[in-house]
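Before any comments, here is the structure.
Since this is a predicted model, take the numbers as computed values, not measurements.
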Amino acid sequence: MADRLRVVLEIGPNGKRVVAGAYEWPGLDRWGRTEHDALERLSTSVPRYAAVAERAGLTRAFHRQEAFDVVERYAGNTSTDYWGIAHVPSAIETEVLAGADLDRSLALLQACWAHFDDTAARVSAELRPGPRGGGWTRDEIVRHVLVNEPEQFTRKVEVRSPREMVLTPDGLEAHRQETLDAIRAYNAQGKPARTWSIQFLIRRIAHHCMDHAWEMEDRDLTR
């Protein structure tokens, strides 16, 4: 691992949003109106992500990377501008992961899943209204994350778990294990996840979990 936290910047074609992703730390993605803004928001999220690194047994490596190193800037698409979410893999993310690197990425993905689950278990059922008022309840967020994972992400590696499956503890565990197995198989064959790379698929699944986990933490009425 490098001594600086390596970041890729996905730039929307209309200049509305920039997504900064610490791609070696799946789930650590933030967006801003400008590159500077995106990097500032990413910086404020670094301490929060430390809990994920700790779960994965990577605390020392994570804390060693105190400064950012922007290693790639690349064009996103109109969804980048609209959603403020990465939609295009960077060139560096198209590389097939070596065995140890894949193990590390999947350990971080599992840590993101665990962080999301633990957050959902401890926050209030009703959540503080968002900045525009309203917003989903805890259970609505959980359902959204669990159901959308197979419908939007894991189907790219042919894991199509039905929603009634992922909404049960045993079914969710089976879905996640099947996802890990599929990612390993695709990576071993050098196969992309359709239009995405395997690295980018891991990053997107992890980001979706962490983005909503942090939303629940910020809106928790028991804090």
Side-chain angles (χ1 to χ4, degrees), residues 19 21 26-31 45 48-49 51-52 55-56 77-80 82-89 105-187 192-221:
V19 179
L28 185 51
D29 276 42
R30 297 282 86 181
W31 70 271
S45 297
R48 303 184 77 172
Y49 190 86
V52 173
R55 283 181 183 271
N77 57 26
T78 54
S79 292
T80 313
Y82 186 80
W83 295 105
I85 298 170
H87 276 79
V88 179
S105 291
L106 292 182
L108 287 164
L109 173 58
Q110 292 176 85
C112 290
W113 279 334
H115 185 88
F116 177 84
D117 294 344
D118 286 354
T119 301
R122 62 179 167 77
V123 299
S124 53
E126 297 298 323
L127 299 173
R128 183 178 295 107
R132 296 176 182 172
W136 283 337
T137 65
R138 176 199 63 197
D139 292 347
E140 288 170 336
I141 291 174
V142 170
R143 182 179 178 86
H144 164 76
V145 170
L146 299 187
V147 167
N148 276 267
E149 188 170 297
E151 292 183 355
Q152 292 189 14
F153 305 132
T154 64
R155 66 186 179 89
K156 293 178 179 291
V157 287
E158 301 305 323
V159 177
R160 302 172 180 271
S161 307
R163 60 176 57 192
E164 60 268 20
M165 174 181 174
V166 298
L167 293 175
T168 66
D170 289 345
L172 179 59
E173 182 179 357
H175 160 76
R176 287 173 173 173
Q177 186 58 56
E178 187 179 355
T179 297
L180 298 173
D181 293 342
I183 288 173
R184 289 186 183 282
Y186 269 67
N187 189 74
R194 300 189 186 179
T195 58
W196 289 358
S197 66
I198 289 299
Q199 287 194 60
F200 189 71
L201 174 64
I202 296 170
R203 177 182 164 198
R204 281 299 309 275
I205 296 172
H207 167 259
H208 196 226
C209 281
M210 294 307 300
D211 191 44
H212 285 293
W214 289 338
E215 177 192 356
M216 287 190 290
E217 290 174 351
D218 291 342
R219 296 176 55 210
D220 180 18
L221 290 172

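Taking CD of Gln110 as the start and CG of Leu180 as the end, the distance is 4.5 Å to the nearest 0.5 Å. Atom CG of Leu109 is separated from atom OG1 of Thr179 by 8.0 Å, given to the nearest 0.5 angstrom. Rounded to the nearest 0.5 Å, atoms CD (Glu217) and NE2 (His115) are 4.0 Å apart. Interatomic distance, Thr137 OG1 to Leu127 CG, rounded to the nearest 0.5 Å: 7.0 Å.
Taking all atoms of both residues into account, the shortest heavy-atom contact from Ile205 to Phe153 is CG1-CB, 3.7 Å. Taking each heavy atom of Arg203 and Gly21 in turn, the nearest pair found is NH2-CA, 3.7 Å. Across His87 and Trp196, no two heavy atoms sit closer than the pair O-NE1, 3.8 Å. The heavy-atom pair separating Cys112 from Pro26 by the smallest distance is SG-O, 3.4 Å. Of all the heavy atoms in Pro150 and Leu146, the pair that sits closest is CD-O, 3.1 Å. Contact record, Ala193 with Leu201: CB-CD2, 4.0 Å, taken as the closest heavy-atom pair.
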- Trp31/Thr80 under side chain to side chain contact (heavy atoms under 4.5 Å, CB included): CA gap, chis, key distance, verdict: CA-CA 9 Å; Trp31 70 271; Thr80 313; over 6 Å; no
- Query: For Glu151 and Arg163, what are the C-alpha separation, side-chain angles and deciding distance, and is it a side chain to side chain contact (heavy atoms under 4.5 Å, CB included)?
  - Reply: CA-CA 9 Å; Glu151 292 183 355; Arg163 60 176 57 192; 2.9 Å; yes
- Message: side chain to side chain contact (heavy atoms under 4.5 Å, CB included), that's the test. Do Tyr49 and Leu108 meet it? Break it down for me.
- Response: CA-CA 10 Å; Tyr49 190 86; Leu108 287 164; 3.8 Å; yes
- Message: Before you tell me yes or no, could you show the steps for Glu149 and Arg176 under salt bridge (charged side-chain N to carboxylate O under 4.0 Å, His left out), namely the whole-Å CA-CA distance, both residues' side-chain angles and the distance that decides it to 0.1 Å?
- Response: CA-CA 10 Å; Glu149 188 170 297; Arg176 287 173 173 173; 5.1 Å; no
- Item | side chain to side chain contact (heavy atoms under 4.5 Å, CB included) assessment of Ser79 paired with Ile85 | CA-CA 8 Å; Ser79 292; Ile85 298 170; over 6 Å; no
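Checking side-chain atoms of Arg143 against main-chain N and O of Asp139 turns up no donor-acceptor pair under 3.5 Å. The main-chain N or O of Val166 is never found under 3.5 Å from a side-chain atom of Ser161 such that the two would form a donor-acceptor pair. A donor-acceptor pair is defined here as one N or O able to donate and one able to accept, closer than 3.5 Å; no such pair exists between the side chain of Arg138 and the backbone of Met216. No donor-acceptor pair closer than 3.5 Å links the side chain of Asp181 to the backbone N or O of Arg184.
No hydrogens or angles considered: nothing links the side chains of Glu178 and His175 as a donor-acceptor pair under 3.5 Å.
In this structure, the side chains of Met210 and Arg48 stay at 4.5 Å or more apart for every pair of heavy atoms. A 4.5 Å side-chain heavy-atom check between Tyr186 and Lys156 finds every atom pair outside the cut-off.
By the 6.0 Å contact criterion, CD on Glu173 is open, its count of non-hydrogen atoms from other residues, nucleotides or ligands being 12 or less.
Electrostatic pairing of Arg219 and Glu126 does not count as a salt bridge here, judged by no charged N lying under 4.0 Å from a carboxylate O.
Using bins of under 30°, 30° to 60° and over 60° for the plane-to-plane angle, the ring pair Trp136/His144 lands in the tilted bin.
The salt bridge (charged side-chain N to carboxylate O under 4.0 Å, His left out) search around Arg30 returns Asp211, not counting sequence neighbours.
Partner of His212 under the side-chain contact (heavy atoms from CB on, under 4.5 Å) criterion, chosen from Asn148, Ile141, Thr119: Ile141.
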